[in-house]
J.: 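The structure under discussion is supplied below as structure tokens; questions concerning it will follow.
Just so we're on the same page: letters track the sequence lines, and every chain starts at 1. Because the structure is a prediction, the values reported are computed rather than measured. Computed over heavy atoms, backbone and side chain alike; hydrogens, waters and symmetry mates excluded.
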Number of protein chains: 2
Amino acid sequence: MSHGFFTIISRAEFETLLKDFPPLEAQTVPLSQAAGRVLADGLTPAHDWPLTNRSCMDGYAVNARDVFGAGESNPGYLECTAHLSINEMPDMTIPPGECARIATGGVLPEGTDAVVMIEHTQEMDGTTVEIRKSVAPGENVMQRGEDAREGRTALPAGTVIRPQEIGLAAALGYDELSLFRRPRVGILSTGDELIEVHETPVPGQVRDVNTHTVAALVEAAGGVPTPYGIVKDDLESLSQALDRAIDENDLVLLSGGSSIGVRDLTVQAVETMEGSEILAHGVALSPGKPTILGRAKGKPVMGLPGQVTSALVVMHVLVLPLVRHMQGDAAAFDPTRRCLRKAELARNVPSKPGREDYVRIRLEEQSGQPPLAHPVLGKSGLLRTMIQAQGLAPIPADSEGLYEGQLIDVWII
Amino acid sequence: MSHGFFTIISRAEFETLLKDFPPLEAQTVPLSQAAGRVLADGLTPAHDWPLTNRSCMDGYAVNARDVFGAGESNPGYLECTAHLSINEMPDMTIPPGECARIATGGVLPEGTDAVVMIEHTQEMDGTTVEIRKSVAPGENVMQRGEDAREGRTALPAGTVIRPQEIGLAAALGYDELSLFRRPRVGILSTGDELIEVHETPVPGQVRDVNTHTVAALVEAAGGVPTPYGIVKDDLESLSQALDRAIDENDLVLLSGGSSIGVRDLTVQAVETMEGSEILAHGVALSPGKPTILGRAKGKPVMGLPGQVTSALVVMHVLVLPLVRHMQGDAAAFDPTRRCLRKAELARNVPSKPGREDYVRIRLEEQSGQPPLAHPVLGKSGLLRTMIQAQGLAPIPADSEGLYEGQLIDVWII
């Protein structure tokens, strides 16, 4: 009888295998759907932005030399000879000793190089304006080309598009962008004990949890999840379902199959595909050890642990970075990209050296201090620890544990 | 001439006004669309979960008393009289001296209370199994009801639904949930200098940036953005557009209008609505001061600063928490809910007391140390500072600044 031992590789080695899969191809996407995605082609604008020198303030466009030394006790006086409308290109030149009323965003006329805020001025009789503050050349002015220059890369390929990048693209006239495609992710559940959520379990049966948690995570990472439902625990059913899922997706996740028998079946099903290969069979991660990585038809296939919490941890640590990597995010596996909070560990947490542990952490806020990090212990077949936790504390493989009072990085999930 | 001065309130006072708007009503939502949203009605399951005592491991279900004291040098021996299939309720009782082969997830039969991992056993001749490790009662067993108990609240109203909560709901048989409705957010842009993204600006014109950044942010916070495009800078056009947007949405954001004239117009347009009220006209926030809050037809209306970076900061600090609050998230305004990273400030940052400053921060990772936080200075009418920054560093209103070398919390955005 086989005990199903397998060679365990480190999390770093597993990541290296994942990074070998190339990003997907580029596609054109409307700007309104670009958030969170990654630029496949850099933006090189056809004009400067701002297009002209523009005022940052409501006030008076002046030549800075004319108001040199002006102050509350020593105001300067200028003739206001123009009121500029915000949406016009001024066609006059402002001579020395004169100024122009300007609104925020207005274009500075020739002869002016700075703006005095209206709060530091006073209209006098007729057209005279009292200036009670000096300004340096360029003060309160957005300079032509400060945000982007004609012909120079404003956002390079590989940029992750946040709302501010959407703003810059809009400013430069891009109403669509060339982005890496979002991976389609097929999700299969195996396990003869599984039933659908709407069914009522008899003792021995459990509802399919992993399909739903995995789909929600894939979507949050920018993937497009396609659940294929529950597949019967036999090689033919699993091979058929896998074959179809691989054809229809860029990445396939097999969930369920926590027992050795089902794990073996997953491996066999991958191996039935032509030209397929098992790349990893186990990772030194706790929870999450029985994770499988294969390649079939050139695409990654991952067997997740069947235990619900193990599957969640493997999704966070390995699968979601892969989903980001496939959509062109070069820093997808960079741990500094995680949302990390410093917290003070509330008690000792021992760890077995040789594997990386991800301890579930409940945070207790403390006024004026880092939050207290309480480890939430419990079985990885239950969801309780993940429900009670706000984050995960990684314990490196070369460590024997963490100590009470230690400041640790908690990865908020 | 009016200089447009207005009474400034603090960020905390502004938040109090925002929190006065009630959450939206509940609606029934499929489980697959629940992620990130908030439970309006708690989940009280009709049965325990797990439904029965289940094995966490592949191994042998035993009575812990039978293997007391067993070890590598002192193994115990039990007769294996049953092989349990994972999806069946065992109908036998295991007598003392016997054990049952069990798979991960399998139901423990009567007479057993623990599981010995298969790695710590050896099959002998016939049905005898050598047990090389003792187990405590309950060891390697998920107990009935450990995750949820029949008739007791498993997830209270107000819970933010993460993938793990989706998993628990699935386990308990909920394929839809009662969640607070997502706010529909109308977005209006004003400014006669604005043109659409696909248009080509002449000097003096700028493309509408805020509609696009604001819509992306609203969507990320769980709102449903509806852009109404560019509205002309006159009271009648703005009032009409506002009236329609208020009828069709739960929250209306007016963007653009950075100049005092347009701000006045926003206020006037809100005031033309029957029963409307201006609740705040300015907030002690930098950037972001010229922010307006009104109520019309019982709904919040906010006038955002026209400057692109000011609008982004106000969205993060005030509007997105409101969008979360309206969908029932009681901790929406809690700053500890932000993704905060400790970083070491690279240089002094002075700040004007009396207002809360949000300094844009570029992080430089340092091996084994907190990252260095470089302030990115620049005009709030430009996007450059937000493009270069990974986060914001809040400087409290009672502070005169932050010092080089100080450890600060950077809010990753």
J.: So which of A:Asp233, A:Leu194, A:Val107, A:Asp192 has the largest heavy-atom pair count under 4.5 angstrom toward chain B?
T.: A:Asp192
J.: In terms of heavy-atom pairs under 4.5 Å with chain B, which of A:Pro225, A:Ala216, A:Pro203, A:Ser32 leads?
T.: A:Pro203
J.: Relative to chain A, which of B:Met315, B:Glu199, B:Lys342, B:His47 shows the most heavy atom pairs under 4.5 Å?
T.: B:His47
J.: So B:Val202 and A:Met89, side chain to side chain contact (heavy atoms under 4.5 Å, CB included) or not? Walk me through it.
T.: CA-CA 8 Å; B:Val202 297; A:Met89 185 67 181; over 6 Å; no
J.: What's the spacing between A:Leu383 CG and B:Glu146 CD if we round to 0.5 Å?
T.: 11.5 Å
J.: Examine whether an atom of A:Leu312 lies under 4.5 Å from a heavy atom of chain B, and if so say whether it belongs to the side chain, the backbone or both; otherwise answer neither.
T.: side chain
J.: When rounded to the nearest 0.5 angstrom, what distance separates CD in B:Glu165 from CE in A:Met386?
T.: 9.0 Å
J.: To the nearest 0.5 Å, what is the distance between CZ on A:Arg384 and CE on B:Met142?
T.: 12.5 Å
J.: Grab the two heavy atoms, one from B:Leu155 and one from A:Ile387, that are nearest each other, plus how far apart they are.
T.: CD2-CG2, 4.1 Å
J.: Is the side chain of A:Asp147 donor-acceptor paired with the backbone N or O of B:Leu382 at a distance under 3.5 Å, no angle test?
T.: no
J.: Side chain from CB out, backbone as N, CA, C, O: work out which of these in B:Ala148 comes under 4.5 Å of a heavy atom of chain A, or both, or neither.
T.: neither
J.: Heavy-atom pairs under 4.5 Å with chain B - which of A:Ala35, A:Pro227, A:Gly173, A:Gly36 has more of them than the others?
T.: A:Gly173
J.: If I measure from the heavy atoms of chain B, does A:Ala171 come under 4.5 Å with its side chain, its backbone, both, or neither?
T.: both
J.: Below 4.5 Å from any heavy atom of chain A, which atoms of B:Val214 appear? Answer side chain, backbone, both or neither.
T.: neither
J.: CZ of B:Arg207 to CG of A:Asp175: how many Å apart, nearest 0.5 Å?
T.: 9.0 Å
J.: Which pair of non-hydrogen atoms, one from A:His212 and one from B:Ala170, has the smallest distance, and what is that distance?
T.: CD2-CB, 3.9 Å
J.: Please classify the contact of B:Leu51 with chain A as side chain, backbone, both or neither, using a heavy-atom distance under 4.5 Å.
T.: side chain
J.: Below 4.5 Å from any heavy atom of chain B, which atoms of A:Arg162 appear? Answer side chain, backbone, both or neither.
T.: side chain
J.: For A:Thr213 and B:Pro163, which heavy atoms make the closest approach, and how far apart are they?
T.: CG2-O, 3.1 Å
J.: So which of A:Thr385, A:Val141, A:Leu84, A:Thr309 has the biggest tally of heavy-atom pairs under 4.5 Å with chain B?
T.: A:Val141
J.: Does any backbone or side-chain atom of A:Ala389 lie under 4.5 Å from a heavy atom of chain B? Answer side chain, backbone, both or neither.
T.: backbone
J.: Nearest 0.5 angstrom please: B:Gln390 CD to A:Arg337 CZ, how far?
T.: 9.5 Å
J.: With respect to chain B, which residue among A:Leu217, A:Thr336, A:Leu340, A:Ile412 yields the maximal number of heavy-atom pairs within a distance under 4.5 Å?
T.: A:Thr336
J.: Measure distances from B:Glu365 to the heavy atoms of chain A and classify the residue's part below 4.5 Å as side chain, backbone, both or neither.
T.: side chain
J.: Return the option, out of A:Thr211, A:Val197, A:Val209, with the maximum number of heavy-atom pairs under 4.5 Å with chain B.
T.: A:Val197
J.: A:Asp409 versus chain B, heavy atoms under 4.5 Å apart: side chain, backbone, both or neither?
T.: neither
J.: Quick one: OG on B:Ser55 to NZ on A:Lys379, what's the gap to the nearest 0.5 Å?
T.: 10.5 Å
